[in-house]
Amino acid sequence: MRITCPHCGTRGVEEFTYTQDAERTRPRDGGAVPTKEWTDYVYLRDNLKGPRREYWYHGAGCHAWLVVERDVSTHEILSVTLP
Amino acid sequence: MTGYRLAQGGLVDRDQTVNFRFDGKHYAGLAGDTLASALLANGVKLFGRSFKYHRPRGVFTCGSEEPNALVELRVGAHREPNTRATMAEIFDGLEAASQNRGFSLKYDPLSVNNLLAPFLSAGFYYKTFMWPAGFWEKLYEPIIRRAAGLGRNAGVPDPDVYEKTTEFCDVLVVGGGADGVAAARQAAAQGSRVILCDENAPLAALELPENISLFTRTTVFGVYDGGTYGALERLTDHLPSSNAPRQRLIHIIAQRSVLATGATERPIAFGHNDLPGVMLSSAVDDYITRYGVTPGRNVLLYINNDDAAGLIPTLSDAGVNIAGVVDARPQGSDAVHAAARAASAPVYAGAAIIRAFGALGVKGAKIHLAKGGELTIPCDIIATSGGFNPNLALTSHFDGNPVWDASIAAFVPGKVPPGMSVVGKAAGQGINVNIVPCFHSGYFPGKSFLDQQNDVTVKDVKLAEREGFASVEHVKRYTTLGMATDQGKTANVNAIGVLAETLGRGIGETGTTRYRPPYVPVAIGAFAGAHTGKHFRPARLTPTHGWAEKQGAVFVETGPWLRAQYYPKPGEDWLAAAQREVNAVRNGVGICDVTTLGKIDIQGPDAAKFVECVYTNSWTNLAVGRVRYGLMLREDGMAMDDGTTARLGETHFVMTTTTANAGRVMQQLEFCAQVLWPELDVSLISVTDQWGQIAVAGPRSTAVLAKIVDAPFDLSDEAFPYMACGELSVCGGVPARLFRISFSGERAYELAVPARYAHALAEKLMEAGAEYDIAPYGTEALGIMRIEKGHAAGPELNGQTTAHDLGLHKLLSKKKDFIGRAMAARPALMDPRRPTLVGLRPVNPADIIRAGSHLLPIEAEAIAANDQGHVTSAARSPSLGSIALALLENGPARHGETIRVYDPLRGGDCQAIVTAPVHYDPEGSRLHA
Amino acid sequence: MRYSAFSVFTQALRGHTGWKPAWRKAEPAPSYDVVIIGGGGGGLATAYYLAKNHPEVGRIAVLEKSWLGGGNIGRNTTIIRSNYMLPGNEPFYEFSMKLWEGLEQDLNYNAMVSQRGIYNIYHSDVQRDAYAKRGNAMILHGAGAQLLDRAQLRKEIPYLNYDNARFPVQGALVQRRGGTARHDAVAWGYARGADQRGVDIIENCEVTAILQENGKVTGVETTRGTIRAGKVAMAVAGASSLLAAKAGLRLPIESHVLQAFVTEGLKPLIDTVITFGAGHFYISQSDKGGLVFGGDIDGYNSYAQRGNLPVVEDVCEGGMALMPMIGRARLLRSWGGVMDMSMDGSPIIDKTPVENLLINAGWCYGGFKATPASGYCFAHLIARGEPHPVAAAYRLERFAEGKVIDEKGVGAQPNLH
Ligand SMILES: Cc1cc2nc3c(=O)[nH]c(=O)nc-3n(C[C@H](O)[C@H](O)[C@H](O)COP(=O)(O)OP(=O)(O)OC[C@H]3O[C@@H](n4cnc5c(N)ncnc54)[C@H](O)[C@@H]3O)c2cc1C
Ligand SMILES: [Zn+2]
């Protein structure tokens with residue numbers, strides 16, 4: 001797999017780290033209490049087939065976090081943007 | 001004709017003799033020969049024994065699809081089992097040996113398996129060897145293992161070196177035949193940068209334009225995502241052993257690729273078709289035309305298509321007798337009749353070979369005639385062709401399945417990976433002219449082999465089907481068909497044909513098994529490249545590494561770093577050295593390189609707010625010039641890391657992390673800054689490598705530093721108290737940062753200078769401290785002192801502990817959001833019954849507590865139900881003896897209790913008193929001493 | 001027909017014409033009491049133990065979308081062990097180990113369970129102590145363990161890289177009862193055993209919808225028609241989220257690809273299972289002679305059963321670092337399997353919020369060794385409505401509650417487990 005970093009150009013997947021999908025947003029309630037919203041955010045994933053938005057970190061490059069749209073069934077990369 | 005070498009023809013160099021040995025016997029070949037062609041030229045037919053029945057096997061093909069002629073190449077540590085004789089180029093001094101045999105290749109005691117064959121049917125082992133229960137490992141399995149396997153690994157480190165490169169191109173052309181060269185030229189003419197790979201040795205010089213890079217002896221073995229192709233270049237496999245790299249793994253990054261991999265012939269199976277001398281017809285042709293070698297003198301053809309007719313003139317031109325042409329097609333074909341007539345060879349149209357004869361090689365064949373009746377034909381080679389299979393493995397490394405094209409009776413590429421196109425025979429063009437499908441002759445009740453290497457017969461496939469293993473994948477797994485080193489390149493399609501026939505289904509419907517990389521087997525060493533031995537991973541060295549070496553330090557691996565572990569004096573073991581170093585710090589002064597701790601520089605108007613987001617405690621109220629301890633959680637509420645962070649300016653912080661978590665913390669901080677709180681105006685950069693940092697610890701530390709800080713910096717306790725920080729210069733103008741923080745619990749500082757000065761700084765500090773007997777100390781002393789002080793480190797911050805477990809719950813701010821806040825508030829994470837940090841001291845001072853021991857109530861039975869925690873860290877304190885930190889259920893409430901410390905693995909079983917985690921100077925008065 | 005040396009012998013004399021299919025090719029009936037989705041190790045073992053231990057549940061079917069055993073049960077590296085550390089895990093895996101020890105006689109099928117031992121190599125004092133913690137836990141659970149120092153290890157496994165290693169080989173935690181089993185045979189053996197007890201095993205039957213009425217599951221829609229069911233139990237490994245979504249559930253799971261590798265056949269070289277502690281690499285040798293090895297997952301979500309080169313190289317680098325003799329062994333085949341990576345690295349065997357729908361999922365890269373206990377405990381749950389005691393910690397709710405079972409301590413990031 002090769003990812004085109006907006007800063008660095010196209011690089012091999014070994015330079016990047018995937019951490020989590022980018023379909024969720026961190027609850028903004030300040031997090032005083034462990035609500036269901038929080039549990040869902042931390043633990044639950046859609047994890048479906050087809051194009052997904054994901055967070056990748058260009059750790060061996062510019063340290064940018066990237067939003068990579070990728071088809072998880074084919075590994076095809078559809079777009080790479082900054083968050 | 002001398003031996004089997006023809007008087008002329010072939011692309012070998014007839015002026016250059018090459019001497020080599022096979023099974024200890026000396027032979028001569030010609031430059032350009034493979035081991036197979038050279039041995040065939042010498043009349044050698046028997047190359048090895050088969051996997052299961054140990055039947056004699058010879059050369060079957062002339063390429064990388066070879067199932068049978070596998071040898072051990074070279075000797076000693078260079079021994080390379082399972083090497084295809086058809087691919088191994090010979091050189092002077094080459095040694096090769098046959099494999100999977102008894103004392104000699106001719107007389108193999110395990111060939112009794114052949115007689116036992118009726119009992120060794122496909123899958124027989126699933127049905128037996130079950131009684132008595134313990135006998136599998138002791139008896140049956142060792143016997144099976146010894147008989148199985150093929151060649152022998154040398155069993156000693158591979159002495160060769162391998163390398164890896166990456167190449168970029170617009171168009172990758174795989175296959176250097178006519179179609180491939182044409183495709184490469186065409187792409188080059190359009191201005192593309194082209195890479196052309198061919199798996200064979202160069203046979204003739206090719207004039208190519210400059211924008212085509214030619215890689216010979218290079219096999220493209222796999223297709224990966226994003227236009228990445230894996231290729232293996234064999235650099236010196238055709239030469240005597242040397243220090244030059246043996247093979248090169250090439251990552252080829254290509255916009256497009258053209259597959260021109262041609263087609264591989266498939267046989268027609270018949271009785272005893274595994275005898276040496278039964279070969280693919282194209283192989284017989286190749287040996288004659290490429291190497292000037294005829295595999296035999298009297299060849300019988302068994303074919304079902306016109307492609308194979310080309311062998312007839314080749315044989316007659318070479319003066320080789322044609323015993324006959326058995327054509328499976330009812331009428332044969334005009335092309336075959338014409339060619340045979342010209343060669344005066346009899347044609348048996350509509351006939352079939354029932355079986356081959358011979359003991360260690362073909363002596364003849366019995367055929368079934370179209371009109372009925374049988375005929376025995378003497379011959380020494382049976383050249384068989386059941387048509388060609390496009391070499392399409394690379395097209396289906398993704399999700400594409402080959403599709404059956406009935407018009408040519410072959411699987412052709414289906415959906416191909418993005419950017420790939422297929423040309424020529426690989427696409428099914430121009431092959432299998434006038435073919436009538438025929439996968440096995442079907443007349444012989446005994447063994448007709450489909451997979452020669454794994455000894456899988458037509459009957460095995462039928463048995464698998466009978467037992468319900470009717471999907472192609474089940475057949476493969478149940479019979480092991482196609483799983484040998486050749487991956488069934490000459491076996492799979494025939495097996496699918498047999499299965500389809502048995503099921504009464506179409507071949508397309510029956511389908512193929514999946515092709516998996518690599519297309520040909522690739523040495524593990526090539527995938528590893530230079531990452532072996534000490535070079536497995538890079539070693540990060542601290543800026544004082546060279547200095548520490550000179551002090552006689554012993555080093556230890558901590559993650560990617562090498563750190564000084566202890567500095568032994570003559571006669572000291574690790575413990576004596578570490579304890580002396582502790583005493584030096586506690587009574588005088590010591591220095592320790594702490595550069596490995598992660599350092600993150602955080603700047604910007606919102607720097608303070610940002611630090612609040614990532615640490616659990618409060619930061620906006622930290623004064624400039626002050627340092628604070630911080631705890632960081634993961635979003636799931638578990639403790640992630642801790643460290644001190646200094647506020648150098650209103651908008652400038654420097655955070656330290658543990659050595660182990662430096663990378664992950666940086667990643668988390670970047671996530672916070674870029675994704676979670678992008679509105680905060682803050683910039684981060686890791687400065688771990690930029691600053692060399694040295695701890696100066698002990699009651700004399702201030703006195704030592706006083707000698708090197710430049711005026712007017714004031715080190716007095718009033719001006720620079722505990723937890724102060726500042727920027728200054730040292731040693732006459734070297735910029736530095738000073739932090740009055742302490743891991744050891746003594747009065748202590750950490751002094752950071754640009755990394756290039758750290759070595760000199762260490763020397764200066766030693767000089768300045770000489771009068772106080774300053775000593776360098778390593779990670780062992782560091783560890784003892786931190787356990788004495790009850791600080792959590794890696795074994796406590798193990799990712800399974802909470803702030804509560806570590807006794808740090810007071811650091812969880814109630815007033816602000818921070819990573820992990822919500823999840824940390826879950827009751828289960830604060831349950832007092834959770835194992836919580838305590839200290840331990842043995843009841844009997846002679847006992848030694850070891851980390852990894854478990855904690856049980858005294859006198860309780862040693863079973864899991866009574867397990868209440870474990871020892872996380874243990875140390876041998878010079879002043880306190882054996883001490884430890886532990887996580888114990890309900891810990892804080894149990895100080896003073898006696899507990900059992902149980903370590904059956906190492907024979908440990910003692911009692912300990914539960915204490916507070918801080919063993920040494922609980923009041924903290926030494927910080928100011 | 002019972003399998004034995006005698007039956008092989010008599011069949012041999014008759015040209016092996018008398019063998020019957022290992023399991024019937026069953027046609028789907030309109031309804032069953034229990035429908036198990038997924039014909040992998042988990043689903044088949046569940047069916048077997050349900051039919052064997054709880055015959056009162058009634059009619060049982062296993063629905064497999066493709067050919068039986070083609071998922072992870074047929075793709076894994078066959079290691080079985082019970083060397084876990086945490087109280088939620090260790091009793092379960094030890095129970096599984098005990099079932100392995102009697103499996104072949106129970107199934108009358110030789111699954112080649114080979115207790116050849118498993119060595120976890122350690123490379124530092126800290127790692128030794130972490131292994132000691134684990135080994136002591138294993139002993140407390142009755143699983144047995146041994147800690148070898150460098151000299152002892154060198155005697156037992158002389159061919160590791162002792163003298164030129166970036167991360168020194170210092171010793172190993174050993175479980176002598178660990179080892180390997182023949183993966184396909186496990187699937188086939190359970191299928192045959194379940195079939196003999198009346199379970200309908202229906203291949204090429206993909207579940208496309210989960211039917212519900214009033215919040216209760218009543219059956220499934222499949223590519224071979226509607227099948228009604230009293231209870232629906234899912235055991236679909238890497239596809240759990242996809243199937244759960246059909247019932248409106250989201251799971252604490254991501255699907256990741258793990259690659260595995262096998263070399264050409266070699267004469268006996270490695271007679272045990274070895275895992276590298278300073279990189280991602282583990283290895284054993286199959287009865288056929290191939291070195292079977294693997295390492296880290298590829299690290300990104302995937303439903304494609306294949307991986308990429310960087311991980312292949314990483315794994316081979318680990319192999320060469322640990323045992324440089326394998327440099328000239330040739331990698332013959334690589335493949336990938338899609339696995340449920342759960343948020344704490346541990347499995348789930350539980351009821352779901354949807355009535356009559358049960359779940360067995362989240363096995364990560366370790367569900368093969370669990371196969372017997374996974375089936376046994378899931379069957380118990382299906383039949384009794386109560387978790388089996390050794391699997392009681394594998395609840396879905398543990399995530400919300402914070403009672404995670406996180407052996408590695410890396411938190412809710414599945415690709416780190
Ligand atoms: C490369 C690799 C190596 C591994 N090595 C080991 C190891 O050494 N030791 C170990 O303990 N574990 C190992 N594992 C993990 C282990 O293989 C899995 O955890 C385990 O096999 C999963 O359970 P299963 O056998 O039931 O899964 P599977 O065999 O995957 O069964 C699930 C089945 O469900 C079917 N299915 C999916 N969706 C549907 C649907 N909608 N309808 C009908 N059927 C459906 C699938 O086709 C599949 O057959 C490894 C895994 C991989 C990928
Ligand atoms: Zn970048």
Side-chain angles (χ1 to χ4, degrees), chain B residues 80 82 118-119 121 124-130 133 137 141 144-145 148-150 152-153 155-158 224-225 230 463 466-468 471 473 477 485 516-517 521-525 527-528 531-534 536-537 557 634 636 638 798-800 826 828-829 851-852 854 864 867 870 904-905, chain C residues 3-5 8 12 16 19 21-23 67 70 104-105 109-110 114-115 129 132-133 135-136 139-141 147 164 166-167 184-185 264-269 287-289 308-309 312-313 316-317 319-321 324-335 401-403 406 409-412:
Chain B
E80 207 189 327
N82 307 340
F119 311 106
S121 56
F124 76 97
Y125 30 73
Y126 299 125
K127 298 173 184 148
T128 179
F129 300 133
M130 284 174 269
E137 289 89 344
E141 186 174 49
I144 290 178
R145 280 179 174 253
L150 287 164
R152 300 162 302 153
N153 181 280
V156 294
D158 182 355
Y224 299 90
D225 288 309
L463 171 63
R466 193 173 312 132
E467 295 198 61
S471 112
E473 290 284 358
R477 287 152 185 265
T485 66
R516 306 270 176 206
V522 176
I524 290 176
F527 282 114
H531 293 262
T532 60
K534 293 262 190 244
F536 166 53
R537 292 289 175 257
E557 297 71 17
R634 295 188 309 237
D636 69 352
M638 298 286 166
N798 62 7
Q800 298 160 336
R826 290 177 290 176
L829 272 69
H854 281 241
D867 194 358
H870 76 281
L905 266 185
Chain C
Y3 289 160
S4 67
V8 170
H16 295 285
W19 294 113
W23 62 90
W67 44 283
E104 294 156 322
Q105 291 69 31
Y109 206 87
N110 186 354
S114 174
Q115 293 183 291
D129 293 342
K133 172 188 173 192
N136 283 327
I139 292 174
L140 287 170
H141 282 95
L147 195 69
N164 183 35
R166 170 71 181 79
F167 299 100
D184 290 330
E264 298 177 343
L266 297 169
K267 288 291 174 199
L269 187 67
D287 285 341
K288 277 189 66 204
N308 272 292
L309 263 182
V312 183
E313 294 174 50
C316 291
E317 288 166 8
M320 284 298 281
M325 71 177 177
I326 63 173
R328 300 177 99 78
R330 294 192 206 89
L331 194 160
L332 175 63
R333 202 165 50 242
S334 67
W335 63 93
E401 291 168 359
K403 294 182 179 162
D406 184 354
V410 292

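Everything numeric in this text was worked out from a predicted model, so none of it was measured. Proteins come first, then strands; the chains are lettered A, B, ... in the order of their sequence lines, and each starts at number 1.
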Mind checking whether [X] and [Y] have side chains closer than 4.5 Å, heavy atoms only?
{"X": "B:M130", "Y": "C:Q105", "answer": "yes"}
{"X": "B:P521", "Y": "C:L332", "answer": "yes"}
{"X": "C:R330", "Y": "B:V522", "answer": "no"}
{"X": "B:F527", "Y": "C:E317", "answer": "no"}
{"X": "C:N164", "Y": "B:T532", "answer": "no"}
{"X": "B:H531", "Y": "C:E313", "answer": "no"}

Look at the side chain of [X] and the backbone N and O of [Y], then say whether any donor-acceptor pair between them is shorter than 3.5 Å.
{"X": "C:N308", "Y": "B:D225", "value": "yes"}
{"X": "C:R166", "Y": "B:R537", "value": "yes"}
{"X": "B:K127", "Y": "C:Y109", "value": "no"}
{"X": "C:N110", "Y": "B:T128", "value": "yes"}

Where on [X] is there a heavy atom nearer than 4.5 Å to chain C: the side chain, the backbone, both, or neither?
{"X": "B:L905", "answer": "both"}
{"X": "B:R634", "answer": "side chain"}
{"X": "B:S471", "answer": "side chain"}
{"X": "B:D636", "answer": "side chain"}
{"X": "B:R466", "answer": "both"}

Option that, when pairs with chain C are counted at under 4.5 Å, heavy atom only, ranks first among [options]:
{"options": "B:P517, B:G230, B:A828, B:P118", "answer": "B:P517"}
{"options": "B:R152, B:E141, B:M638", "answer": "B:E141"}
{"options": "B:E557, B:H870, B:K534", "answer": "B:K534"}

Work out which heavy atom in [X] is nearest to a heavy atom in [Y]; give both atom names and the distance.
{"X": "B:F119", "Y": "C:V8", "answer": "O-CG1, 3.5 Å"}
{"X": "B:A523", "Y": "C:G327", "answer": "CB-O, 3.4 Å"}
{"X": "C:N136", "Y": "B:P904", "answer": "OD1-CD, 3.0 Å"}
{"X": "C:K133", "Y": "B:N798", "answer": "NZ-ND2, 4.0 Å"}

Starting at [atom1] of [X], measure out to [atom2] of [Y] and round the result to the nearest 0.5 Å.
{"X": "C:L140", "Y": "B:D867", "atom1": "CG", "atom2": "CG", "answer": "5.0 Å"}
{"X": "B:Y126", "Y": "C:Y3", "atom1": "OH", "atom2": "OH", "answer": "11.5 Å"}
{"X": "B:N82", "Y": "C:E264", "atom1": "CG", "atom2": "CD", "answer": "4.5 Å"}
{"X": "B:R145", "Y": "C:L266", "atom1": "CZ", "atom2": "CG", "answer": "11.5 Å"}
{"X": "B:H854", "Y": "C:I139", "atom1": "NE2", "atom2": "CD1", "answer": "9.0 Å"}
{"X": "C:R333", "Y": "B:R516", "atom1": "CZ", "atom2": "CZ", "answer": "9.0 Å"}

Any idea which of [options] has the most non-hydrogen atom pairs under 4.5 angstrom with chain B?
{"options": "C:L147, C:I326, C:V410, C:D287", "result": "C:D287"}
{"options": "C:K403, C:R328, C:H16", "result": "C:R328"}
{"options": "C:E401, C:H141, C:K288, C:E104", "result": "C:K288"}
{"options": "C:A412, C:G289, C:G135", "result": "C:G135"}
{"options": "C:A12, C:G70, C:S114", "result": "C:S114"}

Q: Could you go through the side-chain contact (heavy atoms from CB on, under 4.5 Å) check for B:N153 and C:M325 one step at a time?
A: CA-CA 8 Å; B:N153 181 280; C:M325 71 177 177; 4.0 Å; yes
